[in-house]
Amino acid sequence: NNQHEILKLSGNINYSCMINGNPSTEKFGSEFDVTTEEKKLICSWAFMSEKIMHGTPSGIDNSVATYGGVVTFCSGSMTPQSDLVGLDILLTNTCVARNTRQLVATVRERYDMFPKVVEQILEAVGKISLSALNTFEACRVKQFSDCIEEFSRLESLVDMNQGLLASLGVSHPSLEKVIQITADHGLHTKLTGAGGGGVAFSLVTPGTEKIKVDQAKFELEQAGFKCYTANIGGAGVRAWTRSEELHSV
């Protein structure tokens, strides 16, 4: 529902490429700039694929993926938010395909059955996004240093957001399993996008012990999931020349 505030993040994934199934950056040549016109073209292509997959997408996902950073989205308008970086996230691919159209239809059915209830849930989701944005801005003022209270607030907001989304019927047993495994190691996790499988993200604050993240990743991968680490507020589309080795393959 476009009248509610949404906070969207991009991330620099510390998993730059897959060569024969293994992450590697050594196979790249030199990085080069992607022009504004090229980004517009990439964004438009991505939006077309979103239309094919989702029917009536907002355009926010392809825009954030292309241009990077953090944006707020409300009433059809996207607003970039600058310098909201300083946290890491753990991304977990459930490897469960989702049908976004069906998930949207599920929410619509619940809205038609319980309009007043679902409207309140959506309003609460919007308020959580605003609270998260305000908390990020408080962290920015402190340059993401000595932000224990703010990080705790963000973790609580993640938990509340997941609970509300689950009440709309867009969670999935695989997502709940990811949430439980990460919670066992002190991480706070929620679904992304339309839910129903797909990818979950977990906040990794500066105070989070690396061993806890490593243990969570190990258990998640043992359960058949795929994990990646990322930094909030990535640069968006990046490009490299192909190395001589790749040319020879």
Side-chain angles (χ1 to χ4, degrees), residues 1-11 56-91 100 103-104 107-108 110-111 114-171 175 179 187-195 198-208 230-234 236:
N1 189 325
N2 286 349
Q3 71 178 342
H4 301 295
E5 192 84 18
I6 300 173
L7 177 66
K8 296 290 286 189
L9 314 170
S10 72
T56 55
S58 65
I60 185 172
D61 286 340
N62 53 284
S63 296
V64 174
T66 302
Y67 296 104
V70 178
V71 303
T72 54
F73 180 77
C74 187
S75 301
S77 176
M78 282 184 285
T79 306
Q81 306 294 325
S82 61
D83 301 324
L84 294 184
V85 297
L87 291 177
D88 294 336
I89 52 177
L90 173 65
L91 298 174
T100 299
L103 290 162
V104 171
V107 176
R108 169 55 64 180
R110 293 202 178 190
Y111 181 84
F114 311 105
K116 292 183 178 180
V117 173
V118 173
E119 183 66 25
Q120 291 296 315
I121 292 172
L122 294 174
E123 286 184 8
V125 169
K127 290 177 180 178
I128 285 174
S129 295
L130 284 174
S131 295
L133 177 60
N134 292 336
T135 305
F136 270 115
E137 290 176 340
C139 291
R140 176 176 58 187
V141 171
K142 294 183 177 182
Q143 298 183 329
F144 285 84
S145 177
D146 191 25
C147 296
I148 296 176
E149 181 179 344
E150 287 82 1
F151 295 155
S152 179
R153 284 175 55 84
L154 286 173
E155 290 172 339
S156 294
L157 290 169
V158 166
D159 294 339
M160 287 189 289
N161 186 253
Q162 173 60 29
L164 290 171
L165 294 172
S167 74
L168 293 174
V170 295
S171 191
L175 289 165
I179 291 166
L187 300 177
H188 300 257
T189 302
K190 68 176 291 295
L191 61 82
T192 64
V199 176
F201 89 84
S202 309
L203 276 181
V204 181
T205 65
T208 305
N231 314 113
I232 287 179

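Note that these values count all heavy atoms, side chains included, but never hydrogens, waters or copies made by symmetry.
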Practice task
Apply side-chain contact (heavy atoms from CB on, under 4.5 Å) to Val104 and list each qualifying residue two or more places apart in sequence or on a separate chain.
Solution key: Thr100
Practice task
Could you tell me how the ring of Phe151 sits relative to the ring of Phe144: parallel (under 30°), tilted (30 to 60°) or perpendicular (over 60°)?
Solution key: parallel
Handout entry: Under 3.5 Å: donor-acceptor pair, side chain of Thr135, backbone of Ser131
Key = yes
Problem - side-chain contact (heavy atoms from CB on, under 4.5 Å) involving Val107 - partner list, sequence neighbours excluded - result: Leu168, Val170
Handout entry: Side-chain donor or acceptor of Ser167 paired with backbone N/O of Leu164 under 3.5 Å
Key = yes
Exercise for the section: Would you check if Leu203 and Leu187 make a side-chain contact, meaning some heavy-atom pair closer than 4.5 Å? Expected result: no
Practice task
Using a 4.5 Å cut-off on heavy atoms from C-beta on, say whether the side chain of Ser202 contacts that of Leu91.
Solution key: no
Handout entry: Value rounded to 0.5 Å, distance of CG in Leu165 from CG in Leu122
Key = 9.0 Å
Problem - Val117 vs Gln120 side-chain heavy atoms within contact, under 4.5 Å - result: no
Exercise for the section: Kindly indicate whether the side chain of Val204, heavy atoms from C-beta on, has any atom under 4.5 Å from the side chain of Ile89. Expected result: no
Problem - Residues forming a salt bridge (Lys or Arg N to Asp or Glu O under 4.0 Å) with Glu155, sequence neighbours excluded - result: none
Problem - Backbone N/O of Thr205 and side chain of Thr208: donor-acceptor pair under 3.5 Å - result: yes
Problem - Residues which pass side-chain contact (heavy atoms from CB on, under 4.5 Å) with Thr192, listed by chain and number, not counting sequence neighbours - result: Arg98, Val199, Phe201
Exercise for the section: Using the test side-chain contact (heavy atoms from CB on, under 4.5 Å), find all partners of Leu175 that sit at least two apart in sequence or belong to another chain. Expected result: Thr94, Ser171, His172, Leu191, Ala200
Practice task
With the side chain counted from C-beta on, respond yes when Phe114 and Glu119 share a heavy-atom pair under 4.5 Å apart, and no when they do not.
Solution key: no
Practice task
Could you grab the distance from atom OG of Ser152 to atom NE2 of His188, nearest 0.5 Å is fine?
Solution key: 7.0 Å
Problem - Partners passing side chain to side chain donor-acceptor pair (under 3.5 Å) against Asn161 (at least two apart in sequence or in another chain) - result: Lys190
